[in-house]
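Proteins come first, then strands; the chains are lettered A, B, ... in the order of their sequence lines, and each starts at number 1. Just so we're clear, the structure is a prediction, and the values are computed from it rather than from any experiment. Side-chain atoms are counted along with the backbone in the values below, which use heavy atoms only and exclude waters and symmetry mates.
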Amino acid sequence: MQTDPNPNKSKDSPTNSDSTESTQSPSPFPDDVLGQVLSFLNSDKDRSSVSLVCKDWYNAERWTRTKLFIGNCYSVSPQIVATRFPKITSVTLKGKPRFSDFNLVPQNWGADVHYWLVMFAKVYPFLEELRLKRMKVSDESLELLATAFPGFRALSLMSCDGFSTDGLKAIATHCRNLTELDIQDTDMSDIDDFNGGWLSCFPENFGSLEVLNFASLDSEVNFDALERLVSRCKSLRVLKVNKSIMLDQLQRLLLQAPQLMELGTGSFQQELLPGQFGDLESAFSNCKNLQTLSGLWEVTSIYLPVLYAACASLTFLNLSYAALRSVEFGSLLAHCPNLRRLWVLDTVEDKGLEAVGSSCPLLEELRVFPADPYDQHLHSGVTESGFVAVSRGCSKLHYVLYFCRQMTNAAVATIVQYCPNFTHFRLCIMNPGRPDYLTNEPMDEAFGAVVKTCSKLQRLSVSGLLTDLTFEYIGKYAKNLETLSVAFAGSSDWGMQCVLEGCPKLRKLEIRDCPFGNAALLSGLEKYETMRSLWMSSCNVTITACQQLAREMPRLNVEGQDGMPHLLFSLFDRQDLLLPSLMLWSGTRAVKMAGEKQSELDHSFLLNENMRND
Amino acid sequence: MESGNQIVLLILQIFVLLVKSKKFSEQLAFKIGRFTEPVFVSSAFTRVFIGSIDRCLHAVNRAPLSYAITIETILCGSILIPFANMRCSLIDASNVSLTFSLIQLNLMSFPEEHDYIGNCLGRSYLYPSSSSIVSTESEKNSVLNLKETELRLGLPGSDFLGKKAGTVVSLFGKDLKDEGNNGFSQIPLKNFVSAGPSGKEIGNPNPAKLVEEKKNENNSTAPASKAQVVGWPPIRSFRKNTLATNLSKNNNDGEGKSGLSCLYVKVSLDGAPYLRKIDLKTYCSYAELSSALGKMFSCFTIGQYESHGLPGQANLRENCLKDLLNGSEYVLTYEDKDGDWMLVGDVPWEMFTDSCKRLRIMKGSDATGLAPRAMQKCKNQS
C-alpha cells in the first residue's frame, strides 16, 4: 500500500494551495493512516463525499483511488482526470445516451474512446481493467489497448461499436495476462472475419482467461482453437459462445470446463443422434456450479430436458432469445427453484408467467421481451394478468421490465400491492399512448400507485396514455427516483416541471415525443447541474430556450441535433425552429470538441456561455 | 444520362451554396400552381426545404439509379442566380426562374391521406404569411386552403399516394405543364433507396410533432401499412436483429408475417477474406440487390475481370453484379429456409426475401445442378 506523499506540499495538487490551509484545523489522522483507511473505500459515492471533507482528505482520496467511473465521457476531460487521479488501475466509461440503442442518436455522435486511451497510455501504463458502455471503439483503439498496457487484464465492451475481429485479434495476441474478455450486445461492423481467426491468436501457452463472452459476435469461430483455449484455461468460470457453436461442439466444451459458473450456449438447432443427446445431457449434469444460463438460440422443446440437471443451482436464466411456449417453459421452470433473475420472451404468454409465479418464489428480477415488437394487431404476448400472476407468487420481485400491449390501472395497483419493494419499474405498453383498455382512462393512476407504494423506486419507465397527473405523482412521491424515461406522454410543460422540481435524486431524464417545451426546459436550470444528463427529442423545445439555458448555466453543455445538414447553421435566425433533439449535461464544451474532429460533429451544435455563432 | 445527372447535381449544389452564402433575401417565393400571385414562405420553410434537398443530394450520390429533378423557382427581390442550363427544365434568364419539383425520400408516410400532390415537407412550416409563428395545422389550412397544395412526403411511385408508379410528381401539378414550360422530360423514377439503412440517419425536417401524430418518420422503404415509429418499442438493435432472424426461421405455424424492420443476411464471396452483412429489407428488387452487391464486392471481381483478359470497361463500378457475372464465372446463390442452395432470381422477390437465410457468390462451376432444383421448388411451392 502506497504511503501518501505529503499532500499539503504536493506541487501537483489540483487544489489551490492558498491560505485555506491555515484556517483548517489539522487533520487528526496522520496521512498514511488516512490513506490506508480510504483505500478500503470502494463506492464512488463515498469517495466523492470523502473528497469534499477537506483538502487533506481530498488529496488522500485522490491518491488512493484506483477505480475510475465516468458516467458520461463528455462530462470531464481526460486531462483533468489524469491530473487528479494518479493511481488508476480500473476505468469504467460510458458514452452515448441510452436512446442511441434505439437509433435516436446520430451515428457519428461521438464517444470515441481513443483519445481517452491515448491519455491513459501516458498516465496509467499500469491500467488493468477497462469497461466501456456505448462507446465507439475502433480497431486502432483496441490495438493501442493491447500494446500499451503490459498488465492489462480485463476488457468489457457493452453496446460498443466501431470495431471488428481485427481488433480482437490484437487483444488476443498481445494481452498476456488477460482474464476477462466480455463483449455484449454489440453490433459489429459488417465485415466479419470469415475464419473466426481471432480466437486462434491466443498464444498456445495462454491460460489465464476467466471470462470469455463473445455471444453477440456474428462471425464463425475456429472451434478447435476455442476448445484448446477452454481446456487450457482452468480458471474459466464464464463462457458465453455465439450462435455458430453447435450442440455437439458445446458438449465438448462442457467436458473441458465443468467448473463453469456462467454458460451461454450456442445454437440449439441441430439434429442430434440419440447417443449425442445422452452425451449432452451428461455433460450438463456435470456442471454442478452453474448459476447463469443464457444463449439457447433456437432451442426447442425436445432439447430443453438436457438442461434440467444443470438447473438446480441456477440463479439467472436468460431465455430472451428462445421462443418457448408456456408448457415447455413451465417444465423447465420446475427444475429451477433458486431462480433470482429471469429474462423471457413473451411467447410464453400469461400461462408461462403463472408458472413463474408458482415455481420461482425467490425471483427478484423479471424481464419480458416482445418476440414480435412491430406487429400491432397480433393478440399474442403477455397481458396484465401475467404480470399480476408473477407479482402474486414472487414477493421479492424488485426489478421488472415488461413489454405488453395492454394494461390496466387496477392491475398495476394490485401488482405493487403484492410487491411494494420495486426499485426498477419499467413498463412498456407497446402502442404509444394507449389508455387503460378496460376503462379507457389514462394510465395515470397506475404509475401513481407505483410511486406512492414503492418508496425505494430508483428507476421508472412510463408508457401508455399519460397526462400531467402522472408527473405530478412522480414529483410528489418518487423521492428516490434517479432515472426516468418518458415517451409519448404528458399534456403540458407542467408535467416536466413537476418532475424537475420534485425529484431530488434525479440523475437521468430521457424524454421523447412529449409536449414539453421551453418553459419546462428552463424550469430546471439549477437542477441540471446535479444530473448526469437530460435528453429530449421530438418535443417542443426551440433553440431560443437552449441559447438561454446555455447563457445562464455556463457549466452546462447543451447539444442540439437539428437533423439538418451543416450548411443551415449559418442561417442562424432559427429561433422558431423546433429542435428534433437536445441533450444536456454538465461539462465544458471543449471536452466534446477536443477529441473529435469537427467534421464528425456536423449534425449538432454545442452551446455554452461562450458560444459563437459558427 | 450520366452527364445529365452530373449537371443536375451540380446545379443543386450551387443552389444550396447560394442559400448558404446568404445571397437570398429573407424569403423565397414559391410559385404554387393554383395561385397567380407568388406565395411567400418564410425563410424557415426555405431552410427546411433546402435541408431536404441536401439530403436528397446525398441519397442521390449513393444510389446509381436514374432520376429526374427539375429545379425552378421564382425569386423575389434582387436575387440573381447565375445558373447554367439544365437539361430538363426551362430557365428563363430574364425571369430568373427556377421551379422546384422534387421527389423526396419517404420521410413521412400517411397512408390514409391521398393528395394529388405527393410531396410534403413539414406542414408546420408552410406559413401563409411572412410571419414566423408556428401555427397548428388546422389554422394554416383554413387560412389559405393549403391542404390541396400541401407538400407531403411519400414514396415515389407508391400506390397509396394515388399516383402511378414511375411518374414524376410535380409540385406544380398540371398547371406547369399547361403553361407550356414543358422543357422537362418525364423520366420515370425508380424507387429511391433511402439514405441509409433504417434508423441510421435522423433526417427530420419536421420536428414539430404533435402528440397525436404517433406515426413518426421512418427511413425504411417498407410499405407504410405498418407505420413504425423510430426507436419504438425501445428494444436494442442487437436484440431486434437476433429476434428478426429467429422469427424468419420459425415462421412455419402460421403466426403470420411479422413486420420485421430489418433482415440481415450474410453475403460471402468465394475467395474473399471476409464476408459482409446486408439488410434485405432495404432493397425492393433483384436489380437493386445485385447492384449493391456489385459495389460491395467490386474490388474482388474487378480483379477477376481483368485477369480474364476481357476488354476493360469504363466505370466498372457502375456495372451491376449481373453484368460482371455474365462475363466472369461467378453466380449468386442463396441458402433458403430448408437449407438448400438455390440460384438467386428464380422466384418472386418477396418469396426470396422470406426464405433467404444467407447469400453466397460462388464459382459457376460449383453451381451446376442448382437451377433444376430451383425450378422444382418453385413448382412445389406454387
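Taking CZ from A:R98 and CZ from B:R236, the interatomic distance works out to 8.0 Å, rounded to the nearest 0.5 Å. The CH2 atom of B:W232 sits 4.0 Å away from atom SG of A:C428, with the distance rounded to the nearest 0.5 Å. The NZ atom of B:K240 lies 14.0 Å from the CZ atom of A:F369; values are rounded to the nearest 0.5 Å.
With contacts defined as side-chain heavy-atom distances shorter than 4.5 Å, the pair A:P370/B:I235 qualifies.
Contact between B:P233 and A:F403 at its shortest, heavy atoms only, is CB-CE2, 4.0 Å.
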- Task: Go through the steps to decide whether B:F238 and A:Q184 satisfy the test side chain to side chain contact (heavy atoms under 4.5 Å, CB included), and finish with yes or no.
- Result: CA-CA 9 Å; B:F238 172 69; A:Q184 291 182 39; over 6 Å; no
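Proximity to chain B (any heavy atom under 4.5 Å) is restricted, for A:I429, to the backbone atoms N, CA, C and O. Contact annotation for A:S320: both backbone and side-chain heavy atoms come within less than 4.5 Å of a heavy atom of chain B.
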